[in-house]
Amino acid sequence: MPEPTINLFSLDRIAMESFFHGMGEKRFRVNQLLQWVYQRNMTDFRKMTDLSKGLRERLNRNTNLDLPEIVRQQQSGDGTVKWLLRLQDRNCIEMVYIPETGRGTLCVSSQVGCGLNCTFCATAQQGFNRNLNVDEIISQVWIANHVLEKTKIREPDIASHGGPDRRRPVTNVVMMGMGEPLLNFENVVSAMKLMMDDFSFGLSRRRVTLSTAGMVPFIDRLRQECPVSLAVSLHAPNDELRNKLVPLNKKYPIHRLLESCTSYAGERNRQRITFEYVMLKDVNDSPAQARQLSTVLAGVPAKVNLIPFNTFPGTRFEGSDMNAIHRFREVLMSRNILTITRKTRGDDIDAACGQLAGDFLDRTHRSRRMRQHPVVFP
Ligand code: SAH
């Protein structure tokens, strides 16, 4: 019986070392292989010329480097690129690239759909299908780098900024695509370790951010196993309201969530936790709620990210107007909480926060927009 073929994208360094050890290969071969695959975009074993011929043949026989297929690529007027990827089981996921001066951020999905049911999020409407495997997570970064390098769709000055993190189009990863990353803990951690491996993408911990709706036990585990930058989707200053917006709050209420955030930050030399707060008109955007939020966050090393609500068909929410957002921010700032209003990017292609749906539902305007921004795929 031939050995079953294993997808090498599914192995982090530890797993790959043990795989190579099992083949009687030296450990440094892992570095070579990682460099070929992740740094030189090579998926043809036969061309990995510094590996022995025998090893190349065995890899060719027993392993593969299969990738999800790009079904669609859309570019927004503001440079944001969204891809729809088809997995082997024909499920689809989305990922989004956001170019900014000096950096390029890839928003990566961790699940097909999402089971958390946050009431203001488009992904929730799709329901939960399954967790992504390690290869399906890491290959999002691989594909984005590869396509962007080939097509030169990126800010021209990213390359000139020096530093090992910054040479590739993807300089930052945020686990803020579809899904709740902490509910796919093992696979997400393995993939993030690969993102940070010096022989792979070599991103520093600061440049990898995981966003969670508040899976408290896993925040504690993440601190121990892979302390990347942490973002928390808070969205409300009290449990009563948060229970309605983020139903997970009924299980892990705000005080427990903030306790685990504080200990997370402590381990990281008081590295601030980012709290995401989507601004919903007449729901969570009053000055009184801003004051309540500042009280709740007192003592937590916090940074607040106010996110303008991105609308989607069928939602009952409306976004706060700019004045309300401005006032809310002023209150927080006056109480010494660093607060940033996030710019909405890619909303003309439904690529903004909470708009990822990852299916083929034709929302009428979507096909029109695709024609507006056709992208020729290499
Ligand atoms: N499940 C994780 C990862 C998803 S991150 C989490 O909840 O953090 C996606 C971010 O976009 C979250 O902060 C989410 O609350 C926010 N979001 C969801 N729907 C949105 C919408 N319609 N407009 C703006 N932000 C939204």
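Indexing begins at 1, ligand by ligand and atom by atom, following the structure's order.
- For ligand 1, the atoms sitting less than 4.0 Å from at least one non-hydrogen atom of Cys121 are 18 (C), 19 (N), numbered in the order shown with element in parentheses.
- Comparing Ser110, Ser233, Gly214, Cys107 by heavy-atom distance to atom 12 (C) of ligand 1, the nearest is Ser233.
- Residue contacts with ligand 1, taken as heavy atom pairs separated by less than 4.0 Å, involve Val278 solely via side-chain atoms from C-beta onward.
- Nearest-residue assignment for atom 10 (C) of ligand 1 (options Glu276, Met175, Met215; heavy-atom criterion): Glu276.
- Remark: ligand 1 and Phe312 share no N or O pair separated by less than 3.5 Å (distance only, no angle test).
- Between Phe120 and ligand 1, at least one N/O pair is under 3.5 Å apart.
- Contacts of Thr212 with ligand 1, taken as heavy-atom pairs under 4.0 Å, involve the backbone alone.
- Near Gly177, the atoms of ligand 1 lying under 4.0 angstrom from a non-hydrogen atom of the residue are 4 (C).
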I'd like to know whether Glu100 forms a salt bridge (Lys or Arg N to Asp or Glu O under 4.0 Å) with Lys343, so could you lay out the CA-CA distance, the side-chain angles of the two residues, the decisive distance to 0.1 Å, and finally the verdict. CA-CA 11 Å; Glu100 288 169 291; Lys343 257 197 289 175; 5.5 Å; no
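- Taking a cutoff of 4.0 Å between a charged side-chain nitrogen and a carboxylate oxygen, Glu57 and Arg61 do not qualify as a salt bridge.
- The shortest separation from a heavy atom of Ala124 to ligand 1 is not under 4.0 Å, leaving the residue out of contact.
- Here the side chains of Thr262 and Glu259 are not in contact, with every heavy-atom distance at 4.5 Å or above.
- Nearest heavy-atom pair across Met16 and Leu8 is CE-O, 3.7 Å.
- For atom 1 (N) of ligand 1, the nearest non-hydrogen atom from the set Cys118, Gly179, Ala213 comes from Gly179.
- Here the shortest heavy-atom pairing between Phe328 and Asn284 reads CE1-O, 3.4 Å.
- Remark: the Thr311 side chain and the Glu318 side chain contain no N/O donor-acceptor pair separated by less than 3.5 Å.
- The closest approach between any non-hydrogen atom of Met178 and ligand 1 is not below 4.0 Å.
- A salt bridge is absent between Asp12 and Lys193: the closest approach of a Lys/Arg side-chain nitrogen to an acidic carboxylate oxygen does not fall below 4.0 angstrom.
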